[in-house]
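Just so we're clear, the structure is a prediction, and the values are computed from it rather than from any experiment. Hydrogens, waters and symmetry mates play no part in the numbers below; they use all other heavy atoms, side chains included. Just follow the structure's listing: the first ligand is 1, and inside any ligand the first atom is 1.
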Amino acid sequence: MDSAQHQDELKKQAAEAALSHVEGGIIGVGTGSTVNHFINYLATIKGKIDGAVSSSEASSQRLKAHGIPVLDLNATGGLSLYVDGADESNKSLQLIKGGGGALTREKIVAAASERFVCIADESKLVPVLGAFPLPVEVIPMARSYVARELVKLGGNPVWREGFTTDNGNLILDISGLQIMEPMQLEQQINNIAGVVTVGIFALRPADVLILGSAEGPRTITA
Ligand code: 5RP
């Protein structure tokens, strides 16, 4: 098994372990390869749930293909559970998300949920956030302006060319940051005119982190 296959096995393990958090009702479902495994497992107990609120068009399509109803967050009200992956987590369960570009809807569903269960392989747990380039969703006309502001904060923003978010916006990926104060930086970047969302999830971190590991799933609780 090569290392990509091994990592995928660990993602699958975390996704399966998250099923024990599903108690019924409407489930918030995130985006990405780890969540794709979760959707496959969720399909095996679909009779137990009423449907899902999805954080992306891609996840919506997968959920529907499994016969799981996809519902509008405006119609469901608050959710009890949100399950999503992450690009990085620190030990306080503050995250970097948005590698798949779905950060804005992910942040909305996380905010509207009582419990956020994050699923990942163990390589995603890091001492300090920032080695993974931090995604920022921006309004197209603000791309250059926001990039200049991000340089002032010490980052190196790169436009994710050829990619448009589900909301019709662009993504800047910022490398070169060591995020020592995640809540402060989340607020600071969100305050730049033209930024829709920054992929730091610190003001609303995960409540539970399930990490797939060679020794089996590890659960960290905030
Ligand atoms: C998408 C995300 C994903 O959760 C994140 O990129 C992790 O993806 P994967 O499960 O494929 O490693 O934030 O916007």
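For ligand 1 and Thr31, the ligand atoms under 4.0 Å from any heavy atom of the residue are 1 (C), 2 (C), 3 (C), 4 (O). Atoms of ligand 1 lying under 4.0 Å from at least one heavy atom of Ala102, given by number and element, are 14 (O). Under a 4.0 Å criterion applied to the non-hydrogen atoms of Lys97, ligand 1 contributes the atoms 2 (C), 3 (C), 4 (O), 13 (O). The Asp84 neighbourhood of ligand 1 comprises atoms 4 (O), with distances under 4.0 Å to a heavy atom of that residue. Each of the atoms 9 (P), 11 (O), 12 (O) of ligand 1 lies under 4.0 Å from some heavy atom of Lys11. Remark: ligand 1 atoms within the under-4.0 Å shell around heavy atoms of Gly98 are 2 (C), 13 (O), 14 (O). Taking a cut-off of under 4.0 Å to the non-hydrogen atoms of Asp87, the atoms of ligand 1 that pass are 5 (C), 6 (O), 7 (C), 13 (O). The ligand atoms of ligand 1 that sit less than 4.0 angstrom from a heavy atom of Gly101 are 14 (O).
When all heavy atoms of Ala86 and Cys118 are compared, the closest pair comes out as CB-SG, 3.6 Å.
Nearest non-hydrogen protein atom to atom 11 (O) of ligand 1 is Ser33 OG, 2.5 Å. Of the protein's heavy atoms, Lys124 NZ, 2.8 Å lies nearest to atom 12 (O) of ligand 1. Atom 1 (C) of ligand 1 has its closest protein heavy atom at Glu106 OE2, 3.1 Å. Protein heavy atom at the shortest distance from atom 10 (O) of ligand 1 is Thr34 OG1, 2.5 Å.
Comment: Glu186 does not engage Arg204 in a salt bridge, judged by the lack of any side-chain N to carboxylate O separation of less than 4.0 angstrom. Of the charged side-chain nitrogens involved, none lies within less than 4.0 Å of a carboxylate oxygen, so that Asp207 and Arg115 do not count as a salt-bridged pair.
The heavy atom nearest to atom 7 (C) of ligand 1, out of those in Gly99, Gly32, Ala86, is found in Ala86.
Within 6.0 Å of the NZ atom in Lys48, the count of heavy atoms belonging to other residues, nucleotides or ligands exceeds 12. Within 6.0 Å of CZ on Arg218 lie no more than 12 heavy atoms contributed by other residues, nucleotides or ligands.
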Open item on the list: Applying side-chain hydrogen bond (donor to acceptor under 3.5 Å, both in side chains) to Ser60 and Ser54, what does each step give before you reach the verdict?
Closed with: CA-CA 6 Å; Ser60 295; Ser54 165; 3.0 Å; yes
Open item on the list: Would Asn74 and Asp72 count as a side-chain hydrogen bond (donor to acceptor under 3.5 Å, both in side chains) here? Give the steps.
Closed with: CA-CA 5 Å; Asn74 291 307; Asp72 179 354; 3.3 Å; yes
Open item on the list: Walk me through whether Asp8 and His37 qualify under side-chain hydrogen bond (donor to acceptor under 3.5 Å, both in side chains).
Closed with: CA-CA 9 Å; Asp8 195 55; His37 289 304; 3.0 Å; yes
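Cluster partners of Leu134, by chain and number: Ile96, Val126, Leu129, Phe132, Val136, Val138, Tyr145, Val146, Leu150, Leu153, Trp159, Leu170, Leu172, Ile174, Leu177, Ile179, Leu185, Ile189, Ile192, Val195, Val198, Ile200. The rule joins Ile, Leu, Val, Met, Phe, Trp and Tyr whenever side-chain heavy atoms lie under 4.5 Å apart.
Of the N or O atoms in Val35, none lie within a sub-3.5 Å distance of an N or O in ligand 1.
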